[in-house]
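Heavy atoms only: backbone and side chains are in, while hydrogens, waters and symmetry mates are out. In what follows, chains are A, B, ... by sequence order, proteins preceding strands, each numbered from 1.
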Number of protein chains: 2
Amino acid sequence: MKEQLKTYFNRYVSLSDNEVENFLSNISIKVFNKKDCLLNQGDVCHQRFFILEGLVRFYEIDDKGNERIDLFGVENWWITNLESFINETPSRQTIQALEKTKVLCINKTTLESLFESIPKLERAFRIITENMLIAIQRKDEVYMKQKSKERYSSLVNNVPRLFQRVPQYMIASYLNITPEYLSEIRKNS
Amino acid sequence: MKEQLKTYFNRYVSLSDNEVENFLSNISIKVFNKKDCLLNQGDVCHQRFFILEGLVRFYEIDDKGNERIDLFGVENWWITNLESFINETPSRQTIQALEKTKVLCINKTTLESLFESIPKLERAFRIITENMLIAIQRKDEVYMKQKSKERYSSLVNNVPRLFQRVPQYMIASYLNITPEYLSEIRKNS
DNA sequence: CTACCTTCTTAAGGTATCTTAAGAAAAACT
DNA sequence: AGTTTTTCTTAAGATACCTTAAGAAGGTAG
């Protein structure tokens, strides 16, 4: 686990063993079973989670009671509701484990004090946030510009593994299509 | 101008006069006329721009030759093609001035060396990036979940000033609606 | 093995939105 | 003031996608 984290951070900055130890001593590990929620809609998100193993979804429920999935989180991703985390406002979204999921948890004040003591960690988070921004902009490019059928094939081409781990109706929700129409699309392709 | 920048950064971190001076001595100022491009599709984006005065749009052209506006940049916003800037890959988007626009320009290596010499500046950019991420997630919430009519009224309510500065067909593009249909929506509301 | 629950498919009819085409209005030049 | 260019509107017909409803298939639990 220490190795996994070190390898991960070394993509962005070089942390010494000491710094990794310091980081680790400030975080906790939690395991969520399938269907458990890491964060409930309405609650303030006090933590950032780093997914060691497993899979989660970040979703919201609209006025008609339909779920809409914004994002899946897999191994080696940080996940949180950033708006709720930063402003300490109630989350409009839920984060739920879709498999048994093991995460690192770090809360806001701890993270801020770690940024003081390990500046390279703040750099890593600056870069990680930039990468998240790029990822969401890329998703938008696809989703704003393309029709359902094309969004579906983008996903098939870019993240084929997802289809083995997630039921099709959740893929549909993530693609912003009804499950019925996704079924239709798949029949004709 | 120095004051504008100082006020801006002080939202996030407290920079001393010296640090602001240091920052200023490393940047340049440019003025773009209406319709000038800050960045052309196909070019690598080597700079980040801070808008002192004016208005720009960030847009791309799809396969059918239609423009799609991702984002407007107004006073006190940083704008860049982050993906192109970070990976040094050709930009799929163009950044164009919609009014006479005065910007600060800072290039990548300069910014990185400033991060070394002024750690608080890196913190400011970490926070600025987080806020951009939140803004884009909020936009997505509206755009994925809501129908055209609702997207239009969200924009009217949240950024009414935009309508005085931008032609309606660009609003339509930003809302991901055809100009004809936006016209229809406005008629019935 | 049977029963239940979750997920996926099919099809008919409806609606939001686009496409095309044309003209009106407004703004920008000369 | 007149001409050109840009922007906005209107309307008819097309299409992508949704809604509803029902049943099929597959998994899980008693």
Hey, is Arg126(A) close enough to Glu122(A) for a salt bridge, meaning N to O under 4.0 Å? no
We want to know whether Glu75(B) and Gln4(B) form a side-chain donor-acceptor pair, criterion being a heavy-atom distance below 3.5 angstrom. no
Strictly by modelled atom types, are Asn22(B) and Asn18(B) linked by a side-chain donor-acceptor pair under 3.5 Å? no
Would you classify Asn66(B) as touching base, sugar-phosphate or nothing, given that sugar-phosphate means primed atoms plus P, OP1 and OP2, and contacts are heavy atoms under 4.0 Å?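 No contact.
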Of the residues in residues 142-167 of chain B, which ones touch DNA chain C at a heavy-atom distance under 4.0 Å? Lys147(B), Ser148(B)
What residues in residues 181-189 of chain A put a non-hydrogen atom under 4.0 Å from any atom of DNA chain C? Ser183(A), Lys187(A)
Do the rings of [X] and [Y] sit parallel, tilted or perpendicular, given the 30° and 60° boundaries?
| X | Y | answer |
| --- | --- | --- |
| Trp78(B) | Phe50(B) | tilted |
| Phe9(B) | Phe23(B) | perpendicular |
| Tyr143(B) | Tyr174(B) | perpendicular |

Heavy-atom distance under 4.5 Å between the side chains of [X] and [Y], does that happen here?
| X | Y | answer |
| --- | --- | --- |
| Met1(B) | Leu24(B) | yes |
| Ile127(B) | Asn131(B) | yes |
| Arg92(A) | Arg138(B) | yes |

Check: Lys139(A) side chain, Asp70(A) main-chain N or O, donor-acceptor pair, under 3.5 Å: yes
Among residues two or more places apart or on two chains, list those pairs meeting salt bridge (Lys or Arg N to Asp or Glu O under 4.0 Å) that have a residue in residues 8-28 of chain B. Lys2(B)-Glu21(B), Lys6(B)-Asp17(B), Glu19(B)-Lys120(B)
Is there any protein nitrogen or oxygen under 3.5 Å from a nitrogen or oxygen in nucleotides 23-28 of chain D, and what are the pairs?
none

Anything under 4.0 Å to a heavy atom of chain A counts; send over the first and last such nucleotide of DNA chain C, read 5' to 3'.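 Contact span on the strand: dT7(C) to dA11(C).
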Enumerate, atom names and distances included, each donor-acceptor pair closer than 3.5 Å involving a side-chain atom of residues 144-164 of chain A, sequence neighbours excluded.
from: Lys145(A); atom 1: NZ; to: Glu60(B); atom 2: OE1; distance (Å): 2.8
from: Gln146(A); atom 1: NE2; to: Ser154(A); atom 2: OG; distance (Å): 3.3
from: Glu150(A); atom 1: OE1; to: Lys147(A); atom 2: N; distance (Å): 2.8
from: Arg151(A); atom 1: NE; to: Leu175(A); atom 2: O; distance (Å): 2.9
from: Arg151(A); atom 1: NH1; to: Gln146(A); atom 2: O; distance (Å): 3.2
from: Arg151(A); atom 1: NH2; to: Leu175(A); atom 2: O; distance (Å): 2.9
from: Arg151(A); atom 1: NH2; to: Asn176(A); atom 2: O; distance (Å): 3.3
from: Tyr152(A); atom 1: OH; to: Arg186(A); atom 2: NH1; distance (Å): 3.2
from: Ser153(A); atom 1: OG; to: Lys149(A); atom 2: O; distance (Å): 3.0
from: Ser153(A); atom 1: OG; to: Glu150(A); atom 2: O; distance (Å): 3.4
from: Ser154(A); atom 1: OG; to: Glu150(A); atom 2: O; distance (Å): 3.1
from: Asn157(A); atom 1: ND2; to: Ser153(A); atom 2: O; distance (Å): 3.0
from: Asn158(A); atom 1: ND2; to: Ser154(A); atom 2: O; distance (Å): 3.0

